[in-house]
Amino acid sequence: MIDPRRLRLEIRAIAERVRRRGVELDVGHFEKLDGRRKQLQADVERLRNERRSASKRIGAAKAAGEDISPLVAAVGDLGTRLGAVSTEFDEVRQALDDFAKGIPNPPDDSVPPGDGEDDNVELRRWREAPEFNFEPKDHVSLASASLDLEAAAKISGARFSVLKGPLARLHRALTQFMIDTHVREHGYEEVYVPFVVDRDILVGTGQLPKFEDDLFAIVGDRDQFLIPTAEVPVTNLIRDTILNPGELPLRFVAHTPCFRSEAGNYGKDTHGIFRQHQFEKVEMVQIVRPEDSWDALDELTGHAEAILRKLELPYRAVALCAGDLGFAAAKTIDLEVWLPAERRYREISSCSNFLDFQARRMLARYRSADSGRPDYVHTINGSGLAVGRTLIAVLENYQDGTGVVHLPDALRDYMGGISRLEF
RNA sequence: GGAGGGGUGGCUGAGCGGACGAAAGCACUGGUCUUGAAAACCAGCGAAGGGCGACCUUCCCAGGGUUCGAAUCCCUGCCCCUCCGCCA
């Protein structure tokens, strides 16, 4: 969330920056609401002050054994008046809060301009896309014996999958390999977290209130949702806390299923398991001091890249343009892996710096060493990596044209010594 | 599922209708002392919002209610602990 004070003082400048995303703020509406808020706040505070002093006088009179009934009568309808004014005050404040929570994070100045995917800027490539001396198959035709999309459709509908035998094992091996690497080599603490969360938690990381359609809601009295990413429960681990500066940075890695209803994506990537309602992801989350967040973003992106390099998968890093940025991110670097069957790079990781945007919503702070006062932490996260998409990349990049997939060395131990899969 | 006990500042914990934003301790910050450190002593020290400012308002799990007045009383919800039952 935007700093409410800044919103008040420099809403036009903020509107200008948010416009880079293609989002238009209703400045007039905001100024009208905030003007009303000021008036009401002054009224409420004045009435409360009156009530307070009157009650104190009554208390003092009573203690002195005096008759308090004239004083009580003098208070009159103060309570009723206060009630009416504070009701309206609450409504206006709520409206302002909704307005503020609906504003996306302004893009960092380093974010390239643009409206969508085509305007993203390539930063670097690792390993050029390989040439095959045969027509590379896509993951569906390659692994059809172990990939049962019909069974999944019968159970849960489109965009779910059933993996069997070697494919299920490879999927699990990739997950273990990623977590172990981040824990052993990159200094992350592994965490296991709930996959069902309350509404507030999703407001904290920015999925709500705006994007409810993208989520699976749980039926029940409690207003809960399935997580769309581990970012949600993991980042919220530090909500409502004030950390000591010595505790930072915090680095968490979690493996969770992710559930996305993918509203608005009908007809997109319908082939195979590239875009699913349920998929697995290994997610890295860092909680850092404000001055460290940009370095942390580079570092975390490097940790995701390390997985691709160990798996020897060709990829490129891309800076998302302003129009392609997620709601809460100030800047995002996507990693895109080469998929031979599609002959193009596809997203496999998304690493973002949220600055204090999520921290403000979650009330996640640390006690600054200089000022001694609580200040918002910065949050960073990124996939390391999306497991299903990594599975696709391994299958397609390591096929030899005879229906055999040769596994990268890094997975050998996780596959019980097996070095090739035959389908 | 049944029966009890609780949720108070960064932490522990007292207060249980009126001068309470809240005792005390710990932690933290500054000072005295010391070659330095520790100890001891002295002082300071919650958060959010508003105002140029003196200052004002709000916050004792959350939401309602009673009252001139609620951390304190009542109702509902959530969470934690203890015992019993059941269960992976």
Side-chain angles (χ1 to χ4, degrees), chain A residues 1-11 30-31 33-101 192-204 218 220-225 233 236-248 250 287 289 356-357 359-377:
Chain A
M1 176 162 79
I2 311 284
D3 180 356
R5 172 181 269 119
R6 279 187 52 213
L7 194 57
R8 228 175 294 121
L9 299 177
E10 38 186 291
I11 182 154
F30 173 81
E31 287 178 337
L33 271 178
D34 197 52
R36 186 81 189 119
R37 190 218 92 231
K38 266 185 197 156
Q39 181 58 48
L40 287 166
Q41 180 159 347
D43 291 349
V44 166
E45 291 187 0
R46 184 176 44 77
L47 287 169
R48 277 207 267 248
N49 194 354
E50 278 177 38
R51 181 183 70 181
R52 201 172 206 217
S53 354
S55 294
K56 271 191 181 163
R57 281 196 297 275
I58 293 171
K62 203 172 176 186
E66 296 163 15
D67 178 18
I68 59 166
S69 53
L71 285 170
V72 172
V75 173
D77 63 346
L78 199 63
T80 341
R81 271 156 59 213
L82 179 60
V85 179
S86 34
T87 302
E88 195 188 343
F89 179 51
D90 288 344
E91 286 165 5
V92 170
R93 250 193 337 188
Q94 185 61 51
L96 279 169
D97 189 58
D98 291 346
F99 184 88
K101 286 226 165 74
Y192 170 81
V193 292
F195 308 152
V196 173
V197 294
D198 290 338
R199 178 176 289 272
D200 291 353
I201 301 305
L202 287 150
V203 172
I218 307 268
D221 330 317
R222 197 160 157 152
D223 204 16
Q224 293 180 311
F225 300 84
N236 274 283
L237 287 174
I238 45 117
R239 77 167 15 240
D240 284 325
T241 56
I242 301 179
L243 298 158
N244 291 315
E247 295 177 80
L248 298 174
L250 290 170
I287 313 294
R289 295 194 201 96
D356 62 1
F357 189 86
R360 220 172 261 288
R361 293 173 160 238
M362 293 188 302
L363 218 65
R365 293 168 294 174
Y366 78 110
R367 200 166 287 281
S368 157
D370 331 320
S371 68
R373 310 196 61 79
D375 195 9
Y376 293 102
V377 296

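Computed over heavy atoms, backbone and side chain alike; hydrogens, waters and symmetry mates excluded. Bear in mind the structure is a predicted one, so any value in this text is a computation, not a measurement.
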Q.
When you measure from the side chain of A:R93 to the backbone of A:Q41, do you find a donor-acceptor pair of N or O atoms at a distance under 3.5 Å?
A. no
- request: Look only at the side chain of A:D67 and the backbone of A:S69, and say whether a donor-acceptor pair between them is shorter than 3.5 Å.
  value: yes
Who pairs with [N] - Watson-Crick or G-U, where each distance is under 3.5 Å:
{"N": "B:rU72", "answer": "none"}
{"N": "B:rC20", "answer": "none"}
{"N": "B:rC87", "answer": "none"}
{"N": "B:rC41", "answer": "B:rG31"}
{"N": "B:rG9", "answer": "none"}

Spacing of the [atom1] atoms in [M] and [N] (rounded, Å):
{"N": "B:rC42", "M": "B:rA47", "atom1": "P", "value": "25 Å"}
{"N": "B:rG46", "M": "B:rC11", "atom1": "C1'", "value": "12 Å"}
{"N": "B:rA54", "M": "B:rC41", "atom1": "C1'", "value": "35 Å"}
{"N": "B:rA88", "M": "B:rA3", "atom1": "C1'", "value": "25 Å"}
{"N": "B:rC20", "M": "B:rG36", "atom1": "C1'", "value": "44 Å"}
{"N": "B:rA71", "M": "B:rC80", "atom1": "P", "value": "26 Å"}
{"N": "B:rC83", "M": "B:rG10", "atom1": "C1'", "value": "33 Å"}
{"N": "B:rC59", "M": "B:rG69", "atom1": "P", "value": "14 Å"}

In this structure, how many angstroms lie between the [atom2] atom of [N] and the [atom1] atom of [X], rounded?
{"X": "A:R93", "N": "B:rC59", "atom1": "CZ", "atom2": "P", "answer": "10 Å"}
{"X": "A:I68", "N": "B:rU67", "atom1": "CD1", "atom2": "P", "answer": "14 Å"}
{"X": "A:E50", "N": "B:rG69", "atom1": "CD", "atom2": "P", "answer": "14 Å"}
{"X": "A:D200", "N": "B:rC61", "atom1": "CG", "atom2": "P", "answer": "17 Å"}
{"X": "A:R199", "N": "B:rG63", "atom1": "CZ", "atom2": "P", "answer": "17 Å"}
{"X": "A:D375", "N": "B:rA47", "atom1": "CG", "atom2": "P", "answer": "12 Å"}
{"X": "A:L96", "N": "B:rG49", "atom1": "CG", "atom2": "P", "answer": "14 Å"}
{"X": "A:L7", "N": "B:rG49", "atom1": "CG", "atom2": "P", "answer": "13 Å"}

Tell me, do [X] and [Y] make a side-chain contact under 4.5 Å, heavy atoms counted?
{"X": "A:D3", "Y": "A:Y376", "value": "no"}
{"X": "A:L237", "Y": "A:L250", "value": "no"}
{"X": "A:V377", "Y": "A:I238", "value": "yes"}

- Item | Any donor-acceptor N/O pair under 3.5 Å between B:rG18 base and A:K56 side chain | no
If you restrict it to nitrogen or oxygen atoms, what contacts under 3.5 Å exist between nucleotides 50-57 of chain B and the protein, and what is each distance?
{"residue": "B:rG50", "atom": "OP1", "partner": "A:R8", "partner atom": "NE", "Å": "3.4"}
{"residue": "B:rG50", "atom": "OP1", "partner": "A:R8", "partner atom": "NH1", "Å": "2.1"}
{"residue": "B:rG50", "atom": "OP1", "partner": "A:R8", "partner atom": "NH2", "Å": "2.1"}
{"residue": "B:rG50", "atom": "OP2", "partner": "A:R5", "partner atom": "NH2", "Å": "3.4"}
{"residue": "B:rG50", "atom": "O4'", "partner": "A:Q41", "partner atom": "NE2", "Å": "3.4"}
{"residue": "B:rC56", "atom": "O3'", "partner": "A:N49", "partner atom": "ND2", "Å": "3.3"}
{"residue": "B:rU57", "atom": "OP1", "partner": "A:N49", "partner atom": "OD1", "Å": "3.0"}

Do you know the tightest heavy-atom contact between [X] and [Y]?
{"X": "A:I58", "Y": "A:V72", "value": "CD1-CG2, 4.0 Å"}
{"X": "A:R239", "Y": "A:G204", "value": "NH2-CA, 3.9 Å"}
{"X": "A:D34", "Y": "A:R37", "value": "OD1-NH1, 2.5 Å"}
{"X": "A:L82", "Y": "A:V44", "value": "CD1-O, 3.9 Å"}

message = Testing the 3.5 Å rule here: is there a donor-acceptor pair between the side chains of A:D90 and A:Q94?
response = no
- [ ] Classify the side-chain pair A:D43/A:Q39 by whether it contains a donor and acceptor separated by less than 3.5 Å.
- [x] yes
### Task
Answer with base, sugar-phosphate or nothing: what part of the nucleic acid does A:R365 contact at a heavy-atom distance below 4.0 Å?
sugar-phosphate
Comparing nearest nucleotides in RNA chain B, the 5'-proximal residue of the pair A:L363, A:V72 is A:L363
On RNA chain B, more 5' by nearest nucleotide between A:I242 and A:K62 is A:I242
Name the pairs: protein N/O against N/O of nucleotides 71-78 of chain B, kept only if under 3.5 Å.
{"residue": "B:rC78", "atom": "O3'", "partner": "A:R222", "partner atom": "NH1", "Å": "3.0"}

Of B:rC68, B:rG10, B:rA19, the nucleotide closest to the side chain of A:S55 is B:rC68
